[in-house]
Amino acid sequence: MAAPTQKNPKLGKPAGKEAQPLIIAKTPAEEQRLKLERLMRNPEKPAPIPDRPKEWNPRAPPEFVRDVMGSSAGAGSGEFHVYRHLRRREYQRQDFLDKMSEKQNKDQEYLDKVEQNKQAAEERTAKRRKKREKLKQKKLLAKKVKQEAENEEEEEGDRSSDSGEEEREAEDDAEAPSFIMGKN
């Protein structure tokens with residue numbers, strides 16, 4: 001009476017693999033969750049990514065039509081069905097060509113619109129850049145003028161006596177405020 005060493009009594013299956021319970025997905029979200037769990041059990045295994053389906057193209061029109069038919073008298077009863085099929089296929093081809101040309105027109109319009117938007121944005125940017133540069137030059141010029149004025153005042157201060165300081169204090173007191181309270 002030897003004790004079995006295998007956990008699984010089936011001989012064909014390896015002992016390391018456990019049986020997974022059967023779970024039936026009731027909603028699409030649950031089905032997707034189960035698929036993701038199955039994929040994530042072994043992250044090293046590459047996930048299958050399907051190729052994009054090819055676009056449908058109609059069959060080219062025939063170069064030479066062998067049996068030309070129309071609404072002439074004497075056509076058999078089976079000829080109408082052949083004619084109807086050919087007509088349907090030609091209408092499909094015409095619709096496809098119309099849709100393709102419309103799609104190309106829309107794509108071209110979109111590309112034109114994108115180009116116009118880029119150009120307009122570049123113009124606005126250039127205009128604003130010019131304005132910033134102008135303000136920057138103005139500030140530099142004002143700073144330069146202020147620096148020169150301070151240098152001149154220092155030179156005058158060295159030459160004059162204490163009376164110059166009193167005059168400057170009087171000028172500072174007499175200076176108009178940069179804003180007035182209560183007025184709009």
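Predicted model, so just to flag it, every value in this text is computed and none were measured. In what follows, every heavy atom counts, from backbone to side chain, and hydrogens, waters and symmetry copies are set aside. This chain uses plain numbering: 1 for the first residue, then up along the sequence.
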Query raised in the report: If you round to the nearest 0.5 Å, how far is CD of E153 from CG of N151?
Result: 9.5 Å

Query raised in the report: Are K118 and E122 ion-paired here, with the side-chain N under 4.0 Å from a carboxylate O?
Result: no

Query raised in the report: Do R88 and Y83 have side chains that get closer than 4.5 Å, going by heavy atoms?
Result: no

Report task. Taking the side chain as every heavy atom from C-beta outward, state whether R59 and R89 have any atom pair closer than 4.5 Å. Result -> yes

Requested in this report: Could you tell me whether R87 atom CZ has more than 12 heavy atoms of other residues or ligands within 6.0 Å of it?
Outcome: yes

Requested in this report: Check whether more than 12 heavy atoms from other residues, nucleotides or ligands sit under 6.0 Å from atom CZ of R41, and answer yes or no.
Outcome: yes

Query raised in the report: With a 3.5 Å cut-off and no angle check, do the side chains of E90 and Q94 form a donor-acceptor pair?
Result: yes

Query raised in the report: Hey, what do you get for CD1 (I24) to CD (E30), rounding to the nearest 0.5 Å?
Result: 10.0 Å

Query raised in the report: What distance do E55 atom CD and R52 atom CZ have between them, rounded to the nearest 0.5 Å?
Result: 8.5 Å

Query - Separation between NZ of K45 and CG of L39, rounded to the nearest 0.5 Å - result: 8.0 Å

Query raised in the report: Taking side chain as C-beta onward, heavy atoms only, is E155 less than 4.5 Å from E150?
Result: no

Requested in this report: Please check if any side-chain donor atom of D112 sits under 3.5 Å from a side-chain acceptor atom of Q108, or the reverse.
Outcome: yes

**Report entry** Residue pair E37 / R33, side-chain heavy-atom distance below 4.5 Å
**Finding:** yes

Requested in this report: Please step through side-chain contact (heavy atoms from CB on, under 4.5 Å) for the pair K106 and Y110, ending with a clear verdict.
Outcome: CA-CA 6 Å; K106 284 183 178 181; Y110 172 75; over 6 Å; no

**Report entry** Exceeds 12 heavy-atom contacts within 6.0 angstrom, atom OH of Y91
**Finding:** no

Report summary line: d(K130 NZ, L135 CG) to nearest 0.5 Å is 13.0 Å

Query raised in the report: Are side-chain heavy atoms of K144 and L140 found at a separation under 4.5 Å?
Result: no

**Report entry** Test log, rule salt bridge (charged side-chain N to carboxylate O under 4.0 Å, His left out), inputs E133 and R129
**Finding:** CA-CA 6 Å; E133 288 294 323; R129 183 184 309 121; over 6 Å; no

Report task. For the pair K127 and E123, find out whether any cationic side-chain nitrogen is under 4.0 Å from an anionic carboxylate oxygen. Result -> no

Requested in this report: Measure the shortest side-chain to side-chain distance between Q92 and W56 over non-hydrogen atoms and say whether it is less than 4.5 angstrom.
Outcome: yes

Query - Contact summary for R93 and P58, nearest pair of heavy atoms - result: CG-CG, 3.8 Å

